[in-house]
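Here's the structure, in structure tokens; my notes come after.
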Amino acid sequence: MSRLGTLGARLYRGEVGYDFVGKRKIWYGVSILITIIAIAGVVVRGLNMGIEFSGGAVFTTPKASVSTTDIRQTAEKAADGHTVVVQELGRGGLRIQISELGTKEALPVQEALSKKLDVSTNKIDTQLVGPSWGEQIASKAWQGLAIFMVLVVVYLAIAFEWRMALAALIALIHDITITVGIYALVGFEVTPGTVIGLLTILGYSLYDTVVVFDGLKEATKDLTKQNRFTYSEVANRSLNSTLVRSINTTVVALLPVGALLFIGGGLLGAGMLNDISLSLFVGLAAGAYSSIFIATPLVADLKERDPRMKALAKRVRAKRAAAAKGEAGGDRSAEEGDSGPDTDLEDAGAAPAGVVGQRRQPASRGRGRGRPSGKRR
């Protein structure tokens, strides 16, 4: 068995583990800091909306030997100061994107590009997008997001409980905020492919969270009938038991997405693949983090406020204090030696149930019942 497999088995059996729930304040602080930075990036820098949302024109040229710098300068001059983005395509062509460009303004740009590349205008594909179409796309995206969130909360509240539904919702908002914030800070362009990627990572993040919650639900069944562990301790053990599975799932999901991002988008120049895979890559990593460090610790926080769990925690602490007191009393008795009479811990009432103490055995044990210890005559 591999080292990772051995570690996973030991985590599942509870032989080793990391206190994720106990150190939840650290993870909350890290997430709050990242979220604040992401929101600040959106507020200060804003999102670089693609022409699908802001309107504009896209020109696709055949294979060209002209540099992208020359093409950008030519397009900016013909577009009269509009923002121009030039992207190299995998087959050697160019994709020139100009935001907020109307139909009348697009014709001079097409002619200027045709002259610069020494090709006919018919070989330059021109696509115009109106701002109203972009507004419809954005409106539909927000509607889809709102419906998805409502369905998630309803499902989790029915399948699990409202605390888990609330924790999952906060984790999803956490993932979206981080992904959008990275887009704003780095300046990535937001396209319909980006929206598709965002909606996709919501489903993946929810899947990973539900897997963890399902194990937690099973582990905490009839929890109040015992006095050994608190809810937070059982939640942490449940999280550790599914930790390797979550890591493996995330790595397996990131590998093909990384291939789409770095090979499909970087080397082949597939624009739509690049947009989708970029949001997927960022969102999958954020989703794995939130399911481990945010969702389960948050459920434990909410659950520990339940009166039944408070009573359980009180009983657990009392039992452990009694056990520690009993062990200390047993150590003192061992230090005092055999000066006292033979007594059992259970008879003396010195130790709680489940605590095993040392017993002194009678000197005549093993030599025959009722016979004296001296020689026979």
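Keep in mind it's a predicted model, so treat the numbers as computed, not measured. Count residues from 1 along the sequence.
The two atoms that bring S232 and V21 nearest to each other are CB-CG1, 3.9 Å, heavy atoms only. A pairwise comparison of heavy atoms in T194 and S279 identifies O-OG, 3.7 Å as the closest pair. Residues Q110 and T121 come closest through the heavy atom pair NE2-O, 3.1 Å. Listed here is the closest heavy atom pair of Y231 and M164: OH-CE, 4.1 Å. The two residues L302 and R163 have their closest heavy-atom pair at O-NE, 3.7 Å. Contact between F213 and A295 at its shortest, heavy atoms only, is CZ-CB, 3.9 Å.
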Point to revise | L172 vs V152, side-chain contact (heavy atoms from CB on, under 4.5 Å): CA-CA, chis, key distance, verdict | key: CA-CA 10 Å; L172 289 177; V152 164; 4.0 Å; yes
Check your understanding: What's the verdict on side chain to side chain donor-acceptor pair (under 3.5 Å) for D301 and Y28, showing C-alpha distance, side-chain angles and the deciding distance?
Key -> CA-CA 11 Å; D301 249 346; Y28 293 164; 3.2 Å; yes
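In the hydrophobic clustering of ILVMFWY residues, with side-chain heavy atoms under 4.5 Å counting as a link, L185 and V282 come out apart. Following chains of ILVMFWY side-chain contacts shorter than 4.5 Å, one cannot reach V211 starting from V234, and the two form parts of different hydrophobic clusters. Hydrophobic cluster membership differs between V150 and I170, with clusters built from Ile, Leu, Val, Met, Phe, Trp and Tyr side chains linked at under 4.5 angstrom. Clustering ILVMFWY residues whenever any of their side-chain heavy atoms sit less than 4.5 angstrom apart, transitively, puts V85 in a cluster other than the one holding L47. A single hydrophobic cluster is not seen to contain both I32 and L298; linkage of ILVMFWY side chains at heavy-atom distances under 4.5 Å, directly or through other members, places them apart.
Using a 4.0 Å cut-off between charged nitrogen and carboxylate oxygen, E233 and R320 count as a salt-bridge pair. The pair K303-E161 meets the salt-bridge criterion, with a side-chain N (NZ, NE, NH1 or NH2) lying under 4.0 Å from an Asp/Glu carboxylate O.
For the pair V42 and V180, the minimum side-chain heavy-atom distance is below 4.5 Å. Residues N48 and V190 are not in side-chain contact: their nearest non-hydrogen atoms beyond the backbone lie 4.5 Å or more apart. Put simply, the side chain of T126 does not reach to within 4.5 Å of the side chain of V58, judged on heavy atoms.
Note that the CG atom of L206 and the CG atom of L156 stand 5.5 Å from one another [nearest 0.5 Å]. Taken to the nearest 0.5 Å, the CZ atom of R24 stands 12.0 Å off from the CD1 atom of I294. Note that the CG atom of N248 and the OG1 atom of T242 stand 11.5 Å from one another [nearest 0.5 Å]. The line from CD1 of I96 to OG1 of T61 is 4.5 Å long, rounded to the nearest 0.5 Å. Distance check, rounded to the nearest 0.5 Å: CD1 of I124 to CG of L117 gives 5.5 Å. Between N240 atom CG and I292 atom CD1 the span is 9.5 Å, to the nearest 0.5 Å.
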Would you mind writing out the side-chain donor-acceptor pairs for residues 309-318 within the sub-3.5 Å range, not counting sequence neighbours?
from: R315; atom 1: NE; to: N227; atom 2: OD1; distance (Å): 2.8
from: R315; atom 1: NH2; to: T224; atom 2: O; distance (Å): 3.0

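The ring pair (Phe, Tyr, Trp, His ring centres under 6.0 Å) search around F293 returns F20, W27, Y289, not counting sequence neighbours. In this structure, E111 has no salt bridge (charged side-chain N to carboxylate O under 4.0 Å, His left out) partners at least two apart in sequence or on a different chain. Applying the side chain to side chain contact (heavy atoms under 4.5 Å, CB included) criterion to T74, with sequence neighbours excluded, gives A112, K116. I34 pairs by the side chain to side chain contact (heavy atoms under 4.5 Å, CB included) definition with V30, I178, not counting sequence neighbours.
Screening residues 211-223 for side-chain hydrogen bond (donor to acceptor under 3.5 Å, both in side chains) gives no qualifying pairs among residues at least two apart or on separate chains.
Heavy-atom neighbours of R228 CZ from other residues, nucleotides or ligands within 6.0 Å: at or below the threshold of 12.
When each of V84, I98, D125 is tested with F59 by the rule side chain to side chain contact (heavy atoms under 4.5 Å, CB included), just one qualifies, namely I98.
Q226 places a side-chain N or O within 3.5 Å of a backbone atom of L223 that can act as its donor or acceptor partner. A donor-acceptor pair under 3.5 Å is formed between the side chain of S238 and the backbone N or O of L216. When atom types are taken as modelled, the side chain of S290 and the backbone of D175 share no donor-acceptor pair closer than 3.5 angstrom.
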